[in-house]
Protein chains: 2
Amino acid sequence: MAAKDSGAESKRSRRTGASPRSGQEPRSESPLSLERIVATAVELLDAEGLDGLKMRRLADRLGAGAMSLYWHVGNKEEVFDLALDSVLEYRGPAQADESDDWRGEVVHMLKDWRASMLRHPWSAALLPRRALGPNILNRLELLSRTLSGAGVADADLNVAIWSLWNYVIGATITRANFDLSEDDRAAAQQRLTALSQHYPTIERSRLLLDNDWDGAFRKGLDFLLDGLSPRR
Amino acid sequence: MAAKDSGAESKRSRRTGASPRSGQEPRSESPLSLERIVATAVELLDAEGLDGLKMRRLADRLGAGAMSLYWHVGNKEEVFDLALDSVLEYRGPAQADESDDWRGEVVHMLKDWRASMLRHPWSAALLPRRALGPNILNRLELLSRTLSGAGVADADLNVAIWSLWNYVIGATITRANFDLSEDDRAAAQQRLTALSQHYPTIERSRLLLDNDWDGAFRKGLDFLLDGLSPRR
DNA sequence: GAATTGACTCGTACAGTGTACGATTTATTC
DNA sequence: GAATAAATCGTACACTGTACGAGTCAATTC
């Protein structure tokens with residue numbers, strides 16, 4: 001298993017150490033930099049979604065020409081990669097490192113993960129396509145260590161990790177994409193009612209109208225962790 | 001919760017009932033039809049992936065002009081919707097309807113679901129964006145009925161369904177996107193080894209090199225079902 | 001100081017993309 | 001036949017990512 005590589009490398013071999021800024025004028029606009037490009041890309045993605053990120057528009061927001069971006073970045077895919085990883089950083093739980101509440105730690109990290117992605121709804125759909133940014137590896141490493149310390153057998157460890165991964169990814173992608181306007185919601189309800197004779201059970205349980213995403217995520221995660229808990 | 005609507009409707013209000021085919025010549029090429037368009041779109045998607053579906057190329061394969069498609073279809077998104085749902089049909093398990101093996105039934109349906117999507121790897125990424133095709137609703141209805149009949153409490157039913165949904169979607173999207181060439185695989189392994197001091201645990205467990213996707217899917221599903229099983 | 005180098009910026013151009021529009025061809029109905 | 005509807009498709013347009021090469025400007029070397 002592995003993630004794809006963007007293939008292209010930016011030409012700039014190394015960042016110039018400290019900002020030179022020797023002159024007196026602070027430049028008409030602040031100078032381009034990878035950091036600024038990535039931060040602005042995240043803004044643009046948040047505002048306009050995955051399809052809204054266009055190189056020309058990104059350059060506009062940066063007060064630069066479109067082709068200037070290509071000095072710092074190999075191609076558009078690399079912008080996606082960098083934006084994605086920049087959004088997935090995790091600083092551990094608030095309290096000390098040496099907690100014995102492994103379950104609480106797992107839940108905390110996964111809830112934070114989901115929350116981070118929902119703050120940037122384009123990120124969930126992107127993640128499975130390019131999985132190996134350092135921040136994601138960090139989370140997987142932490143998960144791995146915690147479960148291992150909790151007594152999950154080595155033979156079950158990978159399965160456990162992937163199960164949690166699958167659950168979080170699936171839940172978050174689904175949630176991010178079902179975030180609809182009121183109009184969409186009304187139309188959907190109407191459509192479903194029209195079909196209710198074909199789907200009586202999900203109609204009765206109001207599966208598609210249930211709105212408690214956070215609660216459902218939390219409860220389902222509990223079920224999964226129940227199943228994963230090492231049998232004594 | 002609801003799925004987005006394509007927005008556009010094809011102009012053709014209704015299919016002509018029976019193929020007229022009154023003439024004697026079978027036409028230079030067979031005539032365009034929604035069915036043929038969708039089937040060819042699936043072929044093209046299978047061959048070239050999500051990005052490979054271009055209206056012009058689809059028309060080429062059909063022996064038609066690009067704009068002819070728009071008589072049958074509102075826009076490109078609608079092609080995606082139709083292709084997706086056409087790939088997700090489910091005919092129940094082989095044996096009789098009235099099995100008391102609810103768990104076997106659930107596993108069968110979910111394995112089949114995953115297999116269907118992996119046969120068309122573009123489908124997994126598409127599904128969460130437009131969830132409400134009739135074939136998907138059928139699967140959810142079946143799932144709902146089976147779990148309910150198995151004794152899952154009404155209060156837990158929606159959570160259980162979404163948990164399984166999340167798991168299947170996450171697993172399948174991940175699997176479909178990690179399907180790499182040998183070169184990619186080698187590159188990834190090398191990269192990971194280079195970073196092994198940062199991620200010792202996942203390196204040791206060979207998390208990212210484990211290849212038994214089917215087994216992992218099955219085992220994780222068992223864990224999840226363990227957690228979901230109604231307590232006696 | 002002059003010349004050279006390298007980091008960086010960006011205008012122009014090109015080969016695509018989805019699809020609006022309207023003309024055209026073919027089938028159906030009177 | 002004539003009139004209408006169903007279906008096809010050529011052309012055109014606005015917009016995309018990015019290749020290419022010319023330009024700017026500061027630091028470095030003589």
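In what follows, every chain begins at residue 1, and chains take the letters A, B, ... in the order their sequences are listed.
As judged by a 4.0 angstrom heavy-atom cut-off over every strand, A:A64 is placed among residues touching the sugar-phosphate backbone only. Among the heavy atoms of the strands lying under 4.0 Å from A:L53 are primed sugar atoms or P, OP1, OP2 only; no base atom is included.
Between B:R57 atom CZ and C:dG18 atom C1' the separation is 14 Å, expressed in whole Å. Regarding B:N75, its CG atom lies at a distance of 17 Å from the P atom of C:dT17, rounded to whole Å. Distance A:W71 CH2 to D:dT18 C1': 16 Å, rounded to the nearest Å. Distance, A:D60 CG to C:dT9 C1': 15 Å, rounded to whole Å. Rounded to whole Å, the distance from CG on B:L32 to P on C:dT25 is 19 Å. In this structure, the OH atom of A:Y70 is 20 Å from the C1' atom of C:dA7, given to the nearest Å. Distance CE (A:M55) to C1' (D:dA19): 13 Å, rounded to an integer number of Å. In this structure, B:L58 atom CG and C:dT17 atom P are separated by 13 Å, rounded to whole Å.
Classification of A:K54 and A:E48 as a salt-bridged pair fails, no side-chain N sitting under 4.0 Å from a carboxylate O. Between B:D81 and B:R129, no side-chain nitrogen of the basic residue sits less than 4.0 Å from a carboxylate oxygen of the acidic one, so the salt-bridge criterion is not met. Between A:E89 and A:R91 there is a salt bridge, since at least one side-chain N of the basic residue sits less than 4.0 Å from a carboxylate O of the acidic one.
Contact annotation: A:H72 reaches the phosphate of C:dT9 (side-chain N/O to OP1 or OP2, under 4.0 Å). When the side-chain nitrogen and oxygen atoms of B:S68 are compared with OP1 and OP2 of D:dC9, one or more of them lie within a distance under 4.0 Å.
Judged by distance alone, with hydrogens and angles left aside, A:R56 brings a side-chain donor or acceptor within reach of the base of D:dG17, the pair sitting under 3.5 Å.
Between B:K54 and B:M67, the residue anchored closer to the 5' end of DNA chain C is B:K54, taking for each the nucleotide with the nearest heavy atom.
Annotation for B:W113 and B:W165: closest pair CH2-CE3, 3.5 Å, computed over non-hydrogen atoms.
Note that OH of A:Y90 and CG of A:L142 are 6.0 Å apart. Values are rounded to the nearest 0.5 Å.
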